[in-house]
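Report on the structure given below.
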2 protein chains.
Amino acid sequence: MSDTALWTALADPHRRAIVALLLERPRPVGEIVEACGLSQPSTSKHLKVLREAGLVRVRQDAQRRVYALDPAPIAALDAWLAPYRRLWNSSLDALGRRLDETDATPDDT
Amino acid sequence: MSDTALWTALADPHRRAIVALLLERPRPVGEIVEACGLSQPSTSKHLKVLREAGLVRVRQDAQRRVYALDPAPIAALDAWLAPYRRLWNSSLDALGRRLDETDATPDDT
DNA sequence: ATCGTGCATTCCTTGACGGGAATATAACCG
DNA sequence: CGGTTATATTCCCGTCAAGGAATGCACGAT
């Protein structure tokens, strides 16, 4: 699993949705399929990507596979983010302020 | 700019490298080309993706275009991350601990 | 052993992405 | 205006990711 695999995995909206679902609680595939409105194969493929990125783990429970979040990769993201925090979070936001002179339209959900 | 555009922009290693370069200071395109070892057109295309994701802004300086980071989208990432922090950062890491019983291999840089 | 359930994998097609080469555009200089 | 520098855009191509349909596989029940 590379760093890029992690970013790529999260670049897909469906996969972010799955990750959000798994934040609430571990779930078997069937539940994820239903919640996401994806087909079962498509869901399995997304889960594979998440697995290979290290974001989720599987526990086998009879015929079901219960997926759960693995905190580590998300913590890695947090670590990646750390150097950028000063841009908006610390007193050195003079840089951000300088940028804001030009234009300021934060736009995301 | 969608949320997905932001993740997609950062999913590319070259673009993350560019973002890291711009964290140090704003830079004209030529400097980025040289630092990344990419061709000039390729660099311009990556910069376009970053621009459309809202991650960078351009200031025109004579014939040069000086790119600088925009903190807002990265702050948005940070906000996205927030709900996950409890997974490894708070006292409720019993969940993480339960996962660690299965296997524990944090592997990323 | 056989069947049914839950999930994974493969095949196929389509659309997006990335790189190189060439070209276009814009700004400055004389 | 013509030329040069700095950057953006286009065209073409190879590669890769995503979705649907069909199939394969593992486990449990009977």
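Numbered from 1 within each chain, the chains take letters A, B, ... in sequence-line order.
In this structure, A/H46 reaches the D/dG19 phosphate: one of its side-chain N or O atoms is under 4.0 Å from OP1 or OP2. Between B/S44 and D/dT7 there is no side-chain polar atom (N or O) within less than 4.0 angstrom of OP1 or OP2. Between B/S42 and C/dG18 there is no side-chain N or O to OP1 or OP2 distance below 4.0 Å.
Rounded to a whole Å, the CZ atom of B/R27 is 13 Å from the P atom of D/dT7. Atom CG in B/L50 sits roughly 10 Å away from atom P in C/dG18 (whole-Å rounding). Distance A/R65 CZ to D/dG28 P: 12 Å, rounded to the nearest Å. Nucleotide D/dA26 holds its P atom 20 Å from the CZ atom of A/R64, rounded to whole Å. If you take OH of A/Y67 and C1' of C/dC7, they are 8 Å apart, rounded to a whole angstrom. Atom-to-atom, CG of B/D61 to C1' of D/dT5 comes out at 13 Å; the value is rounded to the nearest Å. Nucleotide C/dA16 holds its P atom 14 Å from the CG atom of A/D12, rounded to whole Å. Atom CG in B/L38 sits roughly 11 Å away from atom P in C/dG18 (whole-Å rounding).
With hydrogens and angles left out, the side chain of A/Q40 and the base of C/dA8 share a donor-acceptor pair within 3.5 Å.
Each of B/T8 and B/Q63 has a nearest nucleotide on DNA chain C; the 5'-most of these lies closest to B/T8. For the pair A/K45 and A/V66, nearest-nucleotide mapping onto DNA chain C gives the more 5' position to A/V66.
Side chains of B/R59 and B/Y67: no donor on one and acceptor on the other come within 3.5 Å.
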Next item on the list: Start with the C-alpha distance between A/T8 and B/T8, add both sets of side-chain angles, then the distance that settles side-chain contact (heavy atoms from CB on, under 4.5 Å), and finish with yes or no.
Entry: CA-CA 7 Å; A/T8 303; B/T8 303; over 6 Å; no

Check: B/D70 and A/L87: side-chain contact (heavy atoms from CB on, under 4.5 Å), yes or no, with the steps?
Finding: CA-CA 8 Å; B/D70 184 336; A/L87 287 180; over 6 Å; no

Next item on the list: Show your reasoning for whether side-chain contact (heavy atoms from CB on, under 4.5 Å) applies to A/H46 and A/I32.
Entry: CA-CA 11 Å; A/H46 283 305; A/I32 301 173; over 6 Å; no

